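Predicted, not measured: the structure shown is a model, and the values here were computed from it.
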Amino acid sequence: MSFFDPQFLDNLRDKLILSDVIGRFISTQKKGREFQALCPFHKEKTPSFTINDEKGFYHCFGCGAHGDALKFIQEHKGLPFPETVEFLASMAGVSIPQSSPEQKRVYEKKKTLYDVNDMACQWFEKSLQTPNGSTAKTYLLNRGFNEETIKKYRIGWANDSYESLRNHLSEHKVKIEEMEQLGLVITPDNREKKPYDRFRGRVMFPIIDLKGRVIAFGGRVLGDAQPKYMNSPETPLFNKSESLFNINFARDHAYTQEQFVVVEGYTDVIALSQAGIGNAVAPLGTALTTEQIQKMWRYVPTITLCFDGDSAGKRAALRAAERCMPLLNSDKNIKFLNLPNNQDPDDFIKSDGVDNFKKQVKKAKGLSDFLWTNFTDKQNFDTPEKQAKLQSDLEKSITPIQDDILISSYKSYFRQKIWDEIRKKNSTKKMVSSGKNSIENLQKRLEELIVVCLANHPFLLDELEEQVSQIDLTDGNLMKVLKTILQALHFQTDIDRDKLILYLKEADVFANIEPFFNETFYGKYKFIHPDADIEDVRNGWFILFNNLQKNRLTKEIKQVEQELARNMTQDNLARLIALRQEVDLISNQYDENL
C-alpha cells in the first residue's frame, strides 16, 4: 500500500481550487461565495450540491455526500487512492515525492512529536494551578481573563526552573532528542552540561494548528527579564512564517464575518475573543508574511490589520501592505485600523467597549486610503511640483500589484484625491470682493465697469488702444459695445464722451449699457464718473484691467488643474506653473475693495 506524507496531501489540497476540480466533471453555478450544482451522486432536479472553496469541501443536502477534492475524485471517477493523488497532483502541477519506509518513519515521528507537545502543554496548564503558578494566575485574572478563557486557550505556566519540564517529560519516556527537536529544551555547547528548559518563569500560550494540535509555544515573562515574549524556534512541526495564533478558533468566525482581524499579540487576540470577537489572529514574533496572508485569504476576502499606532506599528502595517500587493485582486483586499491614542485592542475594549471596537473595524481604511495617509501625513502639497511628486510616489508605491484593472483603479483614485486636495488647498481667492458674488458675477461686473469706463473716458483709447483691443468679454452685448467703441476710435478724430455716446446710439448698442449711466452706479466706483480726476481714472482703469486678467487666469488655472488631476504630465504641470507665475506678477495690483 502506497504511503503519502500527510503534509504533502495538505499542500496538494491547498493548491487546488475545489470548484475548478469539480467543475471539470459537472456544471456549477456561483451563488454568493459558494457554488451550487445538481448532485452527481444522486438524481435530483433542484441543486442541493454545494461547493465551498474557502473551506475546501463539498456537501450535498439531499444525499449527504461530503468530502474534499481527494474524496470527490475517488468517488466520482472510481479511482483508487494512489491514482487519485496522481490525478490531482497532475492537475495542480506538482510532483509527488517518492514514498519510502523512511518517509513513513518521519510521519510516525511527527505524530510522536505532536504527542510530546501536548504533554508539555498539559504540564504547563497543571503548573498554573499550583502555588508556583499563583503569580501567573493572578496576572491573567488581573488582565481580565476569566477561568473559561484560560481553559479554552490552554494557558499555562513554565516554572522558574531549569529542569522542571525536562524532568517531567523524561518521566514519561520522552527522549531528550525529541525535546530538543521541539525546542522545549536547549542543549549547551558544552555537552558535559545537561540540557535545560527553554521556557522558565513565563506564562505559556500554546500555538495550535487548524487541526487542533499543539505545534509550538509562546511565553511571556512576568518580571523584567528579556526578551519579554519568546516563541518556540522553527521545528519539524512549527514554521513561524506560516502559522497564526488562534487560527484554529478564528477560522470559522472569520468565514462567517468574511474577514480576519490581525493584531500584534496573543493577549490582544484572547481579549478580543473573550469580548465576543472571535475572528482575531496574530503573527508569531515576526512581521506578517506572504504565507500567512495567503492562508487567511483562502478563507475570507478581507484582512483587517489592527497594529499599534506607534511608529513600529505603522512600519509593520506598511510592510504588510507591500507583501499583500502582489496578491491583490478585486476579490481580495486588505484594510488598516489605527486605534485612537495609540491604544492596543485590549486597552481599547476596556476603555471604550467592544461595540465601539466593532465600529472602528467597520471604519478601517482600505489600502488606497492607507497609502494616501502614509504619503500625505503632516505634509503640505500646496504647489504643482509637490502635487506631481505625490502622484509619482503614490503610483510607484502600487507597482507590486499584478492586477492591471486594480492598478488603473488605484491611479484614478489617487488622481481624484489630489484634485480634491488642489481644490481644497489652492482654491483661488476672490479677485473682487462684492458680498457673496461668485466669480461669474464678478466677471460680469468687471466687464460692465470696463465698457462704462471707456465710454465715459475715451482718452483711454488713445493711450491704451493695443491693451483695449486685446480684451475679450464673455457678455455678448457688452462685447458689441466694446467693438463699436474701437470702431469709433478709427472712424472719428478727436472723439470725446458726447461724440462717442452719440456714435453708440447711432450703432444701436448704447441701450446695452445705458442702465449703468446713473449716480448710483458711479457712486460706488467714483473713478468711472464722467467728472472724475484723470489720474483717478487711469489708476482705476489699471485696477480694472488687472482684475479682469486675473479673473481670466483663475478660470484657466482651474481648467488646467482639472486636466492635471486627470493627466499628470510635465506639459500640464509646466502650463499650470506658468499661469500661476503670471497671476503672481499682477497680485500686487489686486484691489480687494474695488
Side-chain angles (χ1 to χ4, degrees), residues 7-18 20 53-56 92-95 207-211 215-216 218 231-248 250-251 254-255 258-266 268-269 279-308 312-337 364-368 370-371 374 396-407 409-410:
Q7 186 65 49
F8 164 74
L9 296 179
D10 286 342
N11 291 338
L12 178 59
R13 292 184 187 95
D14 287 343
K15 289 184 178 294
L16 294 165
I17 299 176
L18 184 59
D20 288 347
D53 284 334
E54 284 86 357
K55 292 192 175 182
V94 299
S95 58
I207 300 163
I208 299 173
D209 67 9
L210 282 168
K211 294 182 179 179
I215 57 174
N231 289 320
S232 297
E234 299 275 323
T235 74
L237 307 184
F238 178 52
N239 184 326
K240 286 183 181 180
S241 65
E242 295 179 358
S243 304
L244 287 160
F245 182 75
N246 199 44
I247 188 69
N248 54 314
R251 179 180 62 176
Y255 180 76
E258 300 189 348
Q259 74 170 322
F260 278 102
V261 175
V262 182
V263 296
E264 292 196 49
Y266 319 125
D268 289 327
V269 168
N279 59 333
V281 294
L284 299 159
T286 64
L288 197 65
T289 66
T290 300
E291 292 86 352
Q292 291 165 336
I293 293 164
Q294 288 176 315
K295 176 174 284 191
M296 288 185 280
W297 267 337
R298 175 175 172 79
Y299 302 108
V300 299
T302 302
I303 301 170
T304 298
L305 302 182
C306 181
F307 292 160
D308 291 349
K314 290 177 181 177
R315 287 195 299 270
L318 187 58
R319 285 197 298 271
E322 292 168 348
R323 287 173 177 160
C324 282
M325 281 192 234
L327 310 172
L328 280 175
N329 58 44
S330 58
D331 295 322
K332 297 175 181 176
N333 64 88
I334 185 168
K335 293 185 176 182
F336 300 83
L337 169 59
K365 293 179 180 179
L367 177 61
S368 55
F370 170 77
L371 291 173
N374 184 66
K396 285 178 184 177
S397 75
I398 59 172
T399 52
I401 297 176
Q402 303 296 309
D403 189 308
D404 291 339
I405 296 176
L406 199 57
I407 286 180
S409 178
Y410 275 114

Quick check: do [X] and [Y] have side-chain heavy atoms less than 4.5 Å from each other?
X    : Y    : result
S243 : I215 : yes
D14  : R298 : yes
F307 : V262 : yes
L18  : L16  : no
K211 : D10  : yes
C306 : V263 : yes
F245 : N231 : no
T289 : E242 : no

Next item on the list: I would like to know whether R323 and L288 meet side chain to side chain contact (heavy atoms under 4.5 Å, CB included); could you show each step before the answer?
Entry: CA-CA 8 Å; R323 287 173 177 160; L288 197 65; 5.5 Å; no
Please answer whether the main-chain N or O of [Y] pairs with a side-chain N or O of [X] as donor and acceptor at a distance below 3.5 Å.
X    : Y    : value
N279 : Q259 : yes
E322 : S397 : no
E234 : K240 : yes

Minimal non-hydrogen separation, [X] against [Y], with atom names:
X    : Y    : result
V300 : A254 : CG1-O, 3.2 Å
I398 : M325 : CA-SD, 3.8 Å
A320 : I293 : O-CD1, 4.1 Å
Y255 : K55  : CD2-CE, 3.6 Å
S232 : F238 : O-CE2, 3.3 Å
S95  : F8   : O-CE1, 3.6 Å

What is the distance from atom [atom1] of [X] to atom [atom2] of [Y], rounded to the nearest 0.5 Å?
X    : Y    : atom1 : atom2 : value
N329 : D404 : CG    : CG    : 12.5 Å
C324 : L305 : SG    : CG    : 6.5 Å
D209 : L237 : CG    : CG    : 8.5 Å
L406 : K332 : CG    : NZ    : 12.0 Å
I334 : W297 : CD1   : CH2   : 6.0 Å
L318 : L371 : CG    : CG    : 7.5 Å

Next item on the list: Carefully, step by step, assess T286 and L284 under the rule side chain to side chain contact (heavy atoms under 4.5 Å, CB included).
Entry: CA-CA 6 Å; T286 64; L284 299 159; 5.7 Å; no
Check: Should the heavy atoms of other residues, nucleotides or ligands under 6.0 Å from CG of L210 be counted, would the total exceed 12?
Finding: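 For L210, atom CG is crowded (more than 12 foreign heavy atoms under 6.0 Å).
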Notebook entry, point to check: Any idea how F370 and F336 line up, ring-wise: parallel (<30°), tilted (30 to 60°), or perpendicular (>60°)?
Noted result: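 Rings of F370 and F336: parallel, under 30°.
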Notebook entry, point to check: Of all residues at least two apart in sequence or in a different chain, which pass the side chain to side chain contact (heavy atoms under 4.5 Å, CB included) check with S368?
Noted result: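 For S368 the side chain to side chain contact (heavy atoms under 4.5 Å, CB included) partners, ignoring immediate neighbours, are Y410, Y413, F414.
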